[in-house]
2 protein chains.
Amino acid sequence: MKVVRQTRQRQAVLEVLRSTRTHPDAAWVFQEVRRAMPNISLGTVYRSLDALASEGVVMVIERAGERARYDYRHEDHHHVVCRGCGAIFDVPPSLTPPLPSDLPSGFRVTEVVLEYHGLCEKCQQEH
Amino acid sequence: MKVVRQTRQRQAVLEVLRSTRTHPDAAWVFQEVRRAMPNISLGTVYRSLDALASEGVVMVIERAGERARYDYRHEDHHHVVCRGCGAIFDVPPSLTPPLPSDLPSGFRVTEVVLEYHGLCEKCQQEH
DNA sequence: GTGGATGCAAAGGATTTGCACCATT
DNA sequence: AATGGTGCAAATCCTTTGCATCCAC
């Protein structure tokens, strides 16, 4: 049976994610981890992030055409995304919308995606 | 001032989109358009789709790691996405969730993304 | 005629993967 | 010792772009 090993690289990646409240992308994590571990490779950072995500330790925020962002926060929350600068803000969950009354026959919903897109204060001013 | 030209290529791309109720990707549109216009290029299909999208004539459904899908339907609706086979179903809009009470200061929301992800009947059976 | 649009092919860029070597268990 | 993980670099894959030519206006 497959055992997940506790490597120095994975510990370092997790430590970086824990250390920030932003929602960094893999390149930023890579750059930060390199300060403590100069030989780590970008591929390993991606693999570590994947592993942490599938263990459910970190959350992945994926937007088409944008780099994936990683979020260590565990509390239930939604994301507010600025489409100008790409900043992602956390907001407490409001209500969970009810499921549509007429889902396709037999469809089982496992995740409701609710995001708010728009422009942050700064990006509004720049136009 | 910039004039948007009505080219045969754009008409053909729009015609293909109108002809289906699925949510095709660019490659499928390309393949279909080629039947009527064998010399059209994939680049032109992308440019036409972009143009139609920014005119608001078609809707783009983007999911990270997946090909973009294009949707001609104009009625207000939400999408139900099967994470097994990638099928996208339309459902009538339920209620619009209220905005969070504590948005970041000055943030202006322009779009609320509400999607239901899960497994369609067929993909459940295959596991 | 003029400038936006096209076709072709090459470039782009985030992420993934093959492989030989390394290190945790 | 076994086998999962790492580093490196090459490969992927959808999408975008540069450029010479074309054609809608």
Side-chain angles (χ1 to χ4, degrees), chain A residues 1-17 22-55 57-71 81 83 85-86 88, chain B residues 1-17 23-55 57-71 81 83 86 88:
Chain A
M1 159 180 187
K2 176 161 179 170
V3 178
V4 177
R5 292 185 183 170
Q6 181 82 345
T7 63
R8 294 180 310 125
Q9 286 84 345
R10 278 184 195 166
Q11 290 171 19
V13 167
L14 179 55
E15 201 45 52
V16 165
L17 279 174
T22 64
H23 304 77
D25 58 28
W28 188 89
V29 173
F30 176 53
Q31 160 195 310
E32 290 300 304
V33 175
R34 278 212 140 178
R35 309 212 304 211
M37 191 177 283
N39 287 321
I40 196 173
S41 71
L42 182 56
T44 293
V45 169
Y46 273 106
R47 283 183 286 226
S48 299
L49 291 169
D50 277 357
L52 291 167
S54 56
E55 291 167 28
V57 177
V58 304
M59 178 180 179
V60 189
I61 310 165
E62 297 186 302
R63 284 210 302 153
E66 304 290 322
R67 286 163 283 188
R69 312 278 285 265
Y70 299 86
D71 187 359
V81 181
R83 66 158 198 269
C85 61
I88 296 177
Chain B
M1 157 175 187
K2 176 160 180 171
V3 177
V4 176
R5 291 185 184 170
Q6 182 82 344
T7 63
R8 292 179 313 123
Q9 286 86 343
R10 278 184 194 166
Q11 289 170 19
V13 167
L14 179 55
E15 202 44 53
V16 165
L17 279 174
H23 304 76
D25 60 27
W28 187 89
V29 174
F30 176 52
Q31 161 197 309
E32 290 300 304
V33 175
R34 276 211 143 178
R35 309 212 307 211
M37 191 177 284
N39 287 322
I40 195 173
S41 70
L42 181 56
T44 293
V45 170
Y46 273 107
R47 281 182 286 228
S48 298
L49 290 170
D50 276 357
L52 291 167
S54 57
E55 290 167 27
V57 176
V58 303
M59 179 179 176
V60 189
I61 310 166
E62 297 184 302
R63 282 212 303 153
E66 306 291 321
R67 284 164 282 186
R69 312 276 288 265
Y70 299 86
D71 187 0
V81 181
R83 66 156 198 269
I88 296 176

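Computed from a predicted model, the values in this text were never measured in an experiment. Just so it is clear: chains get the letters A, B, ... in the order the sequence lines come, proteins before strands, and each one is counted from 1.
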Taking only residues two or more places apart in sequence, or in another chain, which ones meet [X] in a salt bridge (Lys or Arg N to Asp or Glu O under 4.0 Å)?
X     : answer
A:R47 : none
B:R69 : none
B:R8  : none
A:D71 : none

Would you list the pairs meeting salt bridge (Lys or Arg N to Asp or Glu O under 4.0 Å) in which at least one residue belongs to residues 32-41 of chain B, sequence neighbours left out?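 As it turns out, the salt bridge (Lys or Arg N to Asp or Glu O under 4.0 Å) pairs with a partner in residues 32-41 of chain B, which skip direct neighbours, are B:E32-B:R35.
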In 5'-to-3' order, the base (B), backbone-only (S) or no-contact (-) status of each nucleotide in nucleotides 19-25 of chain D, using a 4.0 angstrom heavy-atom cut-off, is ----BBS
Angle between the two end axes of the helix from C:dG1-D:dC25 to C:dT25-D:dA1, five base pairs per end, rounded to 10 degrees?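 Rounded to the nearest 10 degrees, the bend comes out at 40°.
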Supply the atom-to-atom distance A:M37 CE to A:E15 CD, rounded to the nearest 0.5 angstrom.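 Those atoms lie 11.0 Å apart.
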Whole-Å distance separating the [atom1] atom of [X] from the [atom2] atom of [N]:
X     : N      : atom1 : atom2 : answer
A:R63 : C:dA14 : CZ    : C1'   : 15 Å
A:F30 : D:dG7  : CZ    : C1'   : 10 Å
B:M37 : C:dG7  : CE    : P     : 8 Å
A:R10 : D:dG4  : CZ    : P     : 11 Å

Report all interatomic pairs (protein N or O, nucleotide N or O of nucleotides 9-15 of chain D) with separations under 3.5 Å.
unit_1 : atom_1 : unit_2 : atom_2 : d
D:dT15 : OP1    : B:A68  : N      : 2.8
D:dT15 : OP2    : B:Y46  : OH     : 2.4
D:dT15 : O5'    : B:Y46  : OH     : 3.3

For A:S54, check side chain to side chain donor-acceptor pair (under 3.5 Å) against everything at least two apart and list the hits.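 Listed in chain order: nothing, the list is empty.
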Who passes side chain to side chain donor-acceptor pair (under 3.5 Å) against B:T7, sequence neighbours left out?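 Once residues adjacent in sequence are excluded, B:T7 has no partner under the side chain to side chain donor-acceptor pair (under 3.5 Å) criterion.
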Mind checking what makes side chain to side chain contact (heavy atoms under 4.5 Å, CB included) contact with A:V3, not counting sequence neighbours?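 Result, side chain to side chain contact (heavy atoms under 4.5 Å, CB included) vs A:V3: none returned.
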For A:E66, all residues meeting side chain to side chain contact (heavy atoms under 4.5 Å, CB included), sequence neighbours excluded: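 Counting only residues at least two positions away or on another chain, A:E66 forms a side chain to side chain contact (heavy atoms under 4.5 Å, CB included) with A:R63.
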Does D:dC8 have OP1 or OP2 under 4.0 Å away from a side-chain N or O of A:S41?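 For D:dC8, OP1/OP2 do not have a side-chain N/O of A:S41 under 4.0 Å.
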Qualifying residue for side-chain contact (heavy atoms from CB on, under 4.5 Å) with A:V57, from A:L17, A:L49, A:L14: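 Testing A:V57 for a side-chain contact (heavy atoms from CB on, under 4.5 Å) against A:L17, A:L49, A:L14 leaves exactly one candidate, A:L14.
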